[in-house]
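What follows is a set of notes on a single structure, which appears directly below.
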Amino acid sequence: MLVERTQNPTHGDYSVTLPLKLARTLRRPPITIANELAAAMALPPSFGRTTVAAPGFINVTLEPAWLQAQLASIADAAERWGRSEIGRGVKVQVEFVSANPTGPLLFSHARGAVVGDVTARILAASGFDVQREYYVNDRGRQIRLLGESIQARMIDRPVPEGGYSGDYIAEIATEATARAISPEPVTLSEFGVEWVQRRIQEDLARLDVRHDQLFLESSLYAGWDQETMAKLASLGRVAQHDGATWFKSDSGKDEVIIKRDGYPTYFWSDVLYHRDKFEKRGFDRVVDVWGADHQGQIGRVREALGVLGIDPQRLAVLLVQLVSVKRGEETVRMSRRAGVGISLKEMLDEVGPDAVRYFFLLRSADAQMEFDVDLARRQSSENPVYYAQYAHARLANVLTFGAGVSAQPALGRLDSEWELELMRVMLRWPDVVREAAEAREPHRLAFFTDELAAAIHRFYKNCRVVTEDAPLTAARLLLSRAAKTTIGNALGLMGVAAPDRM
RNA sequence: GUCCCCGUAGCUCAGCCUGGAUAGAGCACUGGCCUCCGGAGCCAGGAGCACAGGUUCAAAUCCUGUCGGGGACACCA
């Protein structure tokens with residue numbers, strides 16, 4: 001039997017629509033079924049009141065006393081409030097960012113970084129054994145081009161066709177010269193990848209994004225490639241023609257895995273990499289956070305996994321859609337392919353990490369979005385980040401203000417619409433975390449946080465906390481403590497600061 | 001041509017997976033609220049499910065089609 005939340009508070013807290021659905025099969029009026037079912041549920045009266053509404057809803061309204069009784073345990077649970085163990089014993093990897101180390105991160109990469117990071121935080125809070133990984137393409141044509149581009153800069157030659165020419169190339173060249181690095185493309189590639197990787201980690205650190213492991217693509221080619229190739233061949237899935245090696249697909253459209261020039265394709269690396277994740281490292285589940293432009297890759301990788309005897313359902317791909325940036329009247333579309341756009345560093349300098357994170361989380365990952373820079377950088381009420389942070393700071397302030405009060409809290413007197421509403425909202429928190437984990441939808445946290453902040457501000461406005469009335473003051477302080485815990489945990493899971501003062 | 005995402009208020013977006021009872025928020029706009037814990041706040045106001053069919057007692061939500069925006073369909077990465 002499905003119990004859902006009501007959409008309209010006047011109907012109570014929970015509702016059951018089962019009678020409506022059963023009416024046809026039972027061939028009885030839904031209202032009759034509802035009455036019988038409601039009687040059979042027999043909820044303890046201290047928990048809630050059950051009513052039946054036409055044409056066949058069963059509604060449950062929580063008792064104020066039950067709501068009030070939850071406050072102490074919320075406040076005491078502190079950072080544990082909202083955590084669960086639904087993922088206990090499940091090993092899951094979240095792979096995200098994984099931008100090529102051929103240049104500093106662009107703002108468009110940041111969306112994947114935030115979505116991946118918060119997804120990992122949510123899964124960890126839900127008891128999953130989470131590993132966060134960054135896949136580094138440290139070989140291949142782009143990497144050779146990076147080395148050649150640095151070399152060109154060092155010995156003052158034109159940048160090679162399709163090479164890199166940003167300011168950072170000059171910086172790397174200067175540093176390489178200063179350190180007397182030999183101007184060979186291979187050496188410079190290595191030096192450049194390291195330099196860029198360091199720079200990427202700096203940017204990510206400012207966003208408070210960390211990985212447990214950097215996984216090098218090159219490590220896949222120390223035998224694992226041959227082993228996998230042999231396995232595929234034994235399954236009759238490898239073909240040679242047109243000078244290349246192909247994966248034989250059920251779709252009839254074969255995929256190149258080794259090019260005519262002898263180099264492997266990205267597809268082949270992806271196959272090796274994902275087989276490594278499941279087979280070698282034993283992840284039960286893998287979440288890949290990819291840019292929308294990699295959408296075409298999903299089907300092929302899934303098929304190859306299936307062929308190799310790995311259930312493709314264990315791989316979930318979170319496609320993060322494109323971001324455009326709006327500055328004043330101007331809108332810039334960020335394109336990864338074109339390689340042009342605003343750098344992450346620039347945006348961090350301009351709007352700060354909290355706004356970057358919160359704004360990305362206010363959109364579901366699979367929707368294209370527009371990032372309004374002017375709004376994000378505004379240090380005022382229009383900015384949703386401050387709205388949430390201010391709610392936290394207000395509670396911190398009132399708790400300090402009332403710190404001296406000691407009395408037995410009169411919980412039963414927390415019965416105004418604002419107090420009850422605040423309790424109802426914050427009691428949803430564990431469900432929000434669980435649902436966000438199951439659906440892998442980090443944006444749910446931001447929407448919840450916004451609602452919670454609104455409830456906090458309304459409570460604060462309408463219910464003066466610290467007064468001469470000590471028992472009531474004690475009760476409202478407890479409510480404040482529980483609410484501060486909840487919004488603090490929500491901001492924490494999003495990686496957004498929860499300041500006590502602003 | 002095939003596949004994927006999107007189309008909800010003037011603008012930016014939730015809600016759709018798992019169909020229910022008056023469809024939400026922020027920004028913008030208009031008008032109110034500071035004797036008292038922080039006004040980065042609160043209260044009030046208008047306006048919307050792209051279109052057309054279908055399924056259902058019930059459709060923003062599921063199915064089909066059309067239109068519109070974006071992305072993907074390489075021996076690129």
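Just so you know, these numbers use all the heavy atoms, side chains as well, and skip hydrogens, waters and symmetry mates. Each chain gets a letter, A, B and so on, in the order the sequences are listed, and its residues count up from 1.
Here G45(B) sits opposite C29(B) as a Watson-Crick or G-U wobble pair (both hydrogen-bonding atom distances under 3.5 Å). Nucleotide A14(B) forms no Watson-Crick or G-U wobble pair with any nucleotide shown, as no partner meets the under 3.5 Å limit on both distances. A21(B) makes up no base pair with any nucleotide shown, lacking Watson-Crick or G-U wobble contacts both under 3.5 Å.
Using a 4.0 Å heavy-atom criterion, one finds that Ile298(A) contacts no nucleic acid atom at all. Counting any heavy atom pair closer than 4.0 Å across all strands shown, Gln295(A) reaches a base atom. Nucleic acid contact class of Thr10(A) (heavy atoms, under 4.0 Å, all strands): base. Using a 4.0 Å heavy-atom cutoff across all strands shown, Arg394(A) reaches sugar-phosphate atoms only and no base atom. Among the protein residues, Arg444(A) comes within range of the nucleic acid bases, having at least one heavy atom under 4.0 Å from a base atom. Note on Phe57(A): a base of the nucleic acid sits closer than 4.0 angstrom, heavy atoms only. Counting any heavy atom pair closer than 4.0 Å across all strands shown, Tyr460(A) reaches a base atom. Using a 4.0 Å heavy-atom criterion, one finds that Lys21(A) contacts the bases of the nucleic acid, with or without backbone contacts as well. At the heavy-atom level, Asp450(A) lies under 4.0 Å from the strands shown only through sugar-phosphate atoms. Among the atoms of the strands shown, none is found under 4.0 Å from any heavy atom of Gln389(A). Using a 4.0 Å heavy-atom cutoff across all strands shown, Arg464(A) reaches at least one base atom of the nucleic acid. Residue contacts shown for Asn137(A) are absent, as no nucleic acid heavy atom lies under 4.0 Å away. Among the heavy atoms of the strands lying under 4.0 Å from Thr17(A) is at least one base atom, whether or not backbone atoms are also near. Contact annotation for Ala367(A): backbone-only contact, meaning every heavy-atom pair under 4.0 Å involves sugar-phosphate atoms and none involves a base.
Among Trp290(A), Tyr273(A), Tyr266(A), the one residue that satisfies the ring-ring contact (aromatic ring centres under 6.0 Å, His included) test with Tyr135(A) is Tyr273(A).
Rounded to a whole angstrom, the distance from the C1' atom of U8(B) to that of G69(B) is 15 Å. C6(B) and C17(B) are spaced 16 Å apart, taking the C1' atom of each and rounding to whole Å. Straight-line distance between the C1' atoms of A14(B) and G26(B): roughly 10 Å, to the nearest whole Å. G48(B) sits 11 Å from A23(B) when the P atoms are compared, rounded to a whole Å. A gap of 11 Å separates the C1' atoms of C49(B) and G15(B), to the nearest Å. Across A72(B) and A25(B), the matching P atoms stand 36 Å from one another, rounded to whole Å. Taking atom P in both G10(B) and G46(B), one finds a spacing of 14 Å when rounded to whole Å. Separating the C1' atom of G24(B) from that of C34(B) is a span of 30 Å, rounded to the nearest Å.
Taking the six-membered ring where the residue is Trp, His211(A) and Tyr134(A) present perpendicular rings, their angle passing 60° and hence far from 30°.
Under 3.5 Å, the side chains of Ser269(A) and Tyr221(A) contain a donor-acceptor pair of N or O atoms. Under 3.5 Å, the side chains of Thr228(A) and Arg275(A) contain a donor-acceptor pair of N or O atoms.
Comment: Lys259(A) does not engage Asp242(A) in a salt bridge, judged by the lack of any side-chain N to carboxylate O separation of less than 4.0 angstrom. Between Lys277(A) and Glu133(A) there is no salt bridge, since none of the side-chain N atoms of the basic residue sits less than 4.0 Å from a carboxylate O of the acidic one.
Residue Lys461(A) has its side chain nearest to C33(B) when only C6(B), C33(B), C27(B) are considered. Nearest to the side chain of Val398(A), among C37(B), C75(B), G41(B), sits C37(B). Distance from the side chain of Met369(A) is smallest to C13(B) among C13(B), A77(B), G41(B).
Taking the ring centre of Tyr263(A) as origin, the terminal cationic atom of Arg144(A) falls inside the region bounded by 6.0 Å and 45° from the ring axis. For the pair Arg199(A) and Tyr168(A), the cation-pi criterion (under 6.0 Å, within 45° of the ring axis) is not fulfilled.
Judged by atom type and distance alone, Asn59(A) reaches the base of A21(B) through a side-chain donor-acceptor pair under 3.5 Å.
In this structure, His11(A) forms an aromatic stack with the base of A21(B), since both conditions hold: centre separation below 5.5 Å and plane angle below 30°. Residue His294(A) and nucleotide A77(B) are classified as a stacked aromatic pair, their ring centres being separated by less than 5.5 Å at an interplanar angle below 30°.
Heavy-atom distances to RNA chain B give each of Gly296(A) and Pro264(A) a nearest nucleotide, and the one nearer the 5′ end belongs to Gly296(A). For the pair Leu319(A) and Pro19(A), both in contact range of RNA chain B, the more 5′-proximal nearest nucleotide belongs to Leu319(A).
Nucleotide C34(B) carries a syn base; the chi torsion (O4'-C1'-N9-C4 or O4'-C1'-N1-C2) is within 90° of 0.
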